[in-house]
Amino acid sequence: MHEILDSLNDRPGDADPDALRAEILKGLTDSQRAAVTATEGPVLVLAAAGSGKTRVITRRIAYLLGMGVPPWQILALTFTNKAAGEMRERVAHLLTDGPLSRMGSPERVLRGLTVTTFHALCARLLRKHADTMQGAPGWGLRHDFSIYDSDDQAALVKKVVVDLGMSTSNWPARSVLSLISGAKNDLMDARAFAARATDFNTKTIARIYEGYEKGLRLANAADFDDLLLLSVRMLKESAAAREQVQGRWRYLMIDEYQDTNKAQFVLSTLLVGKDEGQASPNVCVVGDPDQSIYAWRGADISNILDFEETYAGARVVPLGENFRSRAPILRAADTLIRNNKRRKHKDLFTKKPGGEKPRVILCKDERHEAAVVLEWLRSIVKPGQENGPAWKDFAVFYRNNSLSRVMEDALRGAAIPYVIARGTAFYEREEVKDAMAYLRLIANPADDVSLRRIANKPARKIGATALDRIESAAKQWGVAMFEAMRTADRVPDLGSAAASAVRKFVETVDSWTGAGSFLGAAVPASLHDLVSRVIRESGLEGHYKKAGEKNEEDADKADNLDEVITSALEFEKEYDAGNDPAYADEAGVIAAAPSGAEPPANEDAVPDFLGDLASDGVDVPTPATAGDSFVPPLLAVLRAYLESVALVADADKVDPARGAVTLMTLHAAKGLEFHGAAMIGLEEGLLPSARAMESDPAVEEERRLCFVGITRAMEHLIITSAKYRTQRGLMERTIPSRFLSELPKDGVTILDQSDDSGFGRFEDDDAQPAWGRTRGSFSTERASGGGFAEHKSVPSPFPVGSMVRHPQFGIGRVEAVTGAGANARAKIAFREAGSKTLVLQYARLEAVR
DNA sequence: GCTGAGTTTGTTTTT
DNA sequence: CAAACTCAGC
């Protein structure tokens, strides 16, 4: 051990291992210490909210390094890039200012340490090894694959549905995709899915799934789920890939383990070599079952609940002490979460004394609610006050993004700075996606979905019919559409005008890659050069400039295209400098692993992401379309760039929002903490969401979501509920969320401001509200079926229980009727087609006796 | 093939 | 209330 440590040390002898380790453990509680030092064998850290689990993980990494474990043997996986970035930063901090600084330069000590997300890891693994799987039946993925986001997925599903001769309105892409995604999360491919399908509905989905998979493979593309699914398959089937991975990492850490799905679970067992009979792998998972909020996208809470069974002899370390919130906030969270039936109880406690009770404020409507939040913010934040809390210490949480609007208006009106950690952002804009589609076509000429997107954008006389003809020719010839375009003259039925338009398009694309070897066309020298040429020469820039002049709304689209060039330039800089933490640190992932504890003789032999992809190595064959003049490194940079665009969520990039109140969804809030937090929209149908109200497990997940929100707050917490809320243009009476009545009666302050016109004053903190009265009103409202339920009294021509006939779905039984008039919908269980919700006005239903 | 007016439809959360 | 979609008219 000592020798290894010394070899890593610039100043050998300075880092006395014992002293070093003691220093790493300084300031930790006993249980945290136990979690950090249990380095051998499987460990489950049951971390409560605010118990310092990130701290535990970072110290654990430091501790391993301090024990002399080479950094390239350590792999830490997170769900978001933000979490990974933070963790890297914290480790780096320990190395520069903390105990590890005595071990040598951070670059040196960290070289090869892998801290990344599941998806990024899998993307790297696939880029590295996908080509070796070519022989496997139905594989079809090559190293230059595209990554499809939900838009691309939807486009593909729509196409498949149309090709199958079905209607896209009966089989909406979104819902079809969620089923397909669910299957993939459970590691079910199209065949396995089809084998299990029994009813008409599922059988049809299975057919779509099959076509969708074919489409993906034909386009040499992987969707988000594929990154995991195919990595698992590859590790199972390719001994070479498996050996390289398993020989490399000896210490695996997984954050937010409660959110892993089946694919991620299996992947993790493969990474640590459990399948290979590794009896007691060094895997350490950290999570909190009470914060599992991703069941809807396949997260399987039993992964964490059954950890001890999966890994025999696992050590369990509970971290119950909360270092974040004051006692009253913690008590509210604890009381709420106890209402969940399926859970392991964990005692939450804090040593922080005092603190104010969370406030529940019943408001008139959403505008009043925003005003209340504003007043609350102002009552605590005093600008100009030196050491007081600032805007950045506050956040507003909501269940869904649509609720942010009113809040934004209010904050803007009050000139309070704010940022939204929103889902829809830069890379989801139309013009940006267009530019990306061009780039993806260059990186992966088989990418038919991208090709279809931009072939006629801007309009260049390659219409839908022309594309369809090209596609059928391509299918016949067994090549990608872009390939077929090269011989446009031979595409059956393609008019000469269309053919020449196509020829011109191909020439344009080729001029960027040098593939056509046209005289005089200089090949781009750098990524941003390529990107700017694509944007200009494709005509996108002109197209959106023109659109901007005409239409006020499109005015900034051209600017956004400029921003794409800037982002490429920035990426390139970091990439060139080898400085991009998100990429440089993944170093080891794809490189030949130095196995064993011996550090490689030559430091340069430590695997490095840059060296691997940028060098003209065996792993990056020149694509068929690229001529000699297109140097592989540029293609590699392009691919890495596209990958970062696809895998780095925009919310991750939101600048740590200094100086501004943060607005975000409850999901986005997980893992963060704020001095003060406001949760808005605590109403039935919102939180819990309308969909969740149908089943108990779903309501429990909503409760956990609420729990997550509450536990983000350190000092101040307000929870609001509006009596009336306007949604999709309609103002409706609401019912206060059931979660409000699950908070401790005497543990929260209730302020009913839903009737009086004046805004309450917060100095009246101790004015105990009539909880009984309020509570009573909750229950009467629910009992009398006010609000949503009131529509139910309107008589329907199809009473619940009656039998109906639908021209397409056949005979079914009415399960429920909701809404009235034009809004009337019926949930019908069809014998063949399964259960569907139909709008009575449009569904041509017939009563059957 | 493009435009713009009119129509329909949908509602969670995201790597 | 939007976004997405449809379709007639150029």
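Only this structure's heavy atoms are used, side chains among them; waters, hydrogens and symmetry mates stay out. Below, chains carry the letters A, B, ... as their sequence lines are ordered, and counting in each starts from 1.
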Quick check for you: among [options], whose closest atom lies nearest to any side-chain atom of [X]?
X	options	result
A/Asn400	B/dT15, B/dG1, B/dT13	B/dT13
A/Thr117	B/dT13, B/dG1, B/dT15	B/dT15
A/His119	B/dT13, B/dT15, B/dG1	B/dT15
A/Asn456	C/dC5, B/dT14, B/dG1	B/dG1

Can you tell me the distance, in whole Å, between the [atom1] atom of [X] and the [atom2] atom of [N]?
X	N	atom1	atom2	result
A/Glu701	B/dT13	CD	C1'	9 Å
A/Leu647	B/dT14	CG	C1'	13 Å
A/Asp226	B/dT15	CG	C1'	13 Å
A/Glu732	C/dC1	CD	P	14 Å
A/Asp223	B/dT14	CG	P	18 Å
A/Trp171	B/dG10	CH2	P	15 Å
A/Glu643	B/dT15	CD	C1'	13 Å
A/Glu430	C/dA3	CD	C1'	12 Å

Margin query: Checking A/Asn444 against A/Asn220: is there a side-chain donor and acceptor pair closer than 3.5 Å?
Written below: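 A donor-acceptor contact under 3.5 Å links the two side chains.
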Quiz item: Side chains of A/Tyr257 and A/Asp288: is there a donor and an acceptor less than 3.5 Å apart?
Solution: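 There is no such pair between these side chains.
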So what does [X] hit on the nucleic acid, given a heavy-atom distance under 4.0 Å: a base, only sugar-phosphate, or nothing?
X	value
A/Asp225	nothing
A/Ala464	sugar-phosphate
A/Ile462	sugar-phosphate
A/Phe79	sugar-phosphate
A/Arg704	nothing
A/Thr665	sugar-phosphate
A/Lys158	sugar-phosphate

Name the residue closer to the 5' end of DNA chain B, choosing between A/Pro458 and A/Ala692 according to the nucleotide with the nearest heavy atom.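 Final value for this comparison: A/Pro458.
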More 5' along DNA chain B: A/Gln153 or A/Arg460, using each one's nearest nucleotide?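 Checking each residue's closest nucleotide, the 5'-ward one belongs to A/Arg460.
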Going by salt bridge (charged side-chain N to carboxylate O under 4.0 Å, His left out), name the residues that satisfy it together with A/Asp259, two or more places apart in sequence or in a different chain.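 A/Lys670.
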Base-pair string, DNA chain B, Watson-Crick plus G-U, cut-off 3.5 Å on both distances, | for inter-strand, is ||||||||||.....
Practice task
Please list, chain by chain and in numerical order, all residues satisfying ring-ring contact (aromatic ring centres under 6.0 Å, His included) with A/His667, sequence neighbours excluded.
Solution key: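 A/Tyr294, A/Trp296.
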| said: By a 5.5 angstrom centroid cut-off and a 30 degree plane limit, is there stacking between A/Tyr294 and B/dT14? | reply: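 Stacking is absent between B/dT14 and A/Tyr294, given that the ring centres and planes do not meet under 5.5 Å and under 30°.
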* Asked: Quick one: which of A/Arg440, A/Lys159, A/Lys158 gives a salt bridge (Lys or Arg N to Asp or Glu O under 4.0 Å) with A/Asp152?
  ->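 The salt bridge (Lys or Arg N to Asp or Glu O under 4.0 Å) with A/Asp152 is passed solely by A/Arg440 among A/Arg440, A/Lys159, A/Lys158.
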- [ ] Would you please confirm or rule out a distance under 4.0 Å between OP1 or OP2 of B/dT15 and any side-chain N or O of A/Asn81?
- [x]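 No, A/Asn81 has no side-chain N/O under 4.0 Å of OP1/OP2 on B/dT15.
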query: From A/Met234 CE over to A/Leu229 CG, what is the distance, rounded to the nearest 0.5 angstrom?
result: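 Result: 11.5 Å between the selected atoms.
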Check the pair A/Tyr724, A/Glu366 against side-chain hydrogen bond (donor to acceptor under 3.5 Å, both in side chains), reporting the backbone distance first and the verdict last.
CA-CA 7 Å; A/Tyr724 292 91; A/Glu366 66 273 7; over 6 Å; no
query: Is the Lys NZ or Arg CZ of A/Arg412 less than 6.0 Å from the centre of A/Tyr418's six-membered ring, within 45° of the axis?
result: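 Because its charged atom misses either the 6.0 Å distance or the 45° angle limit, A/Arg412 does not stack over A/Tyr418.
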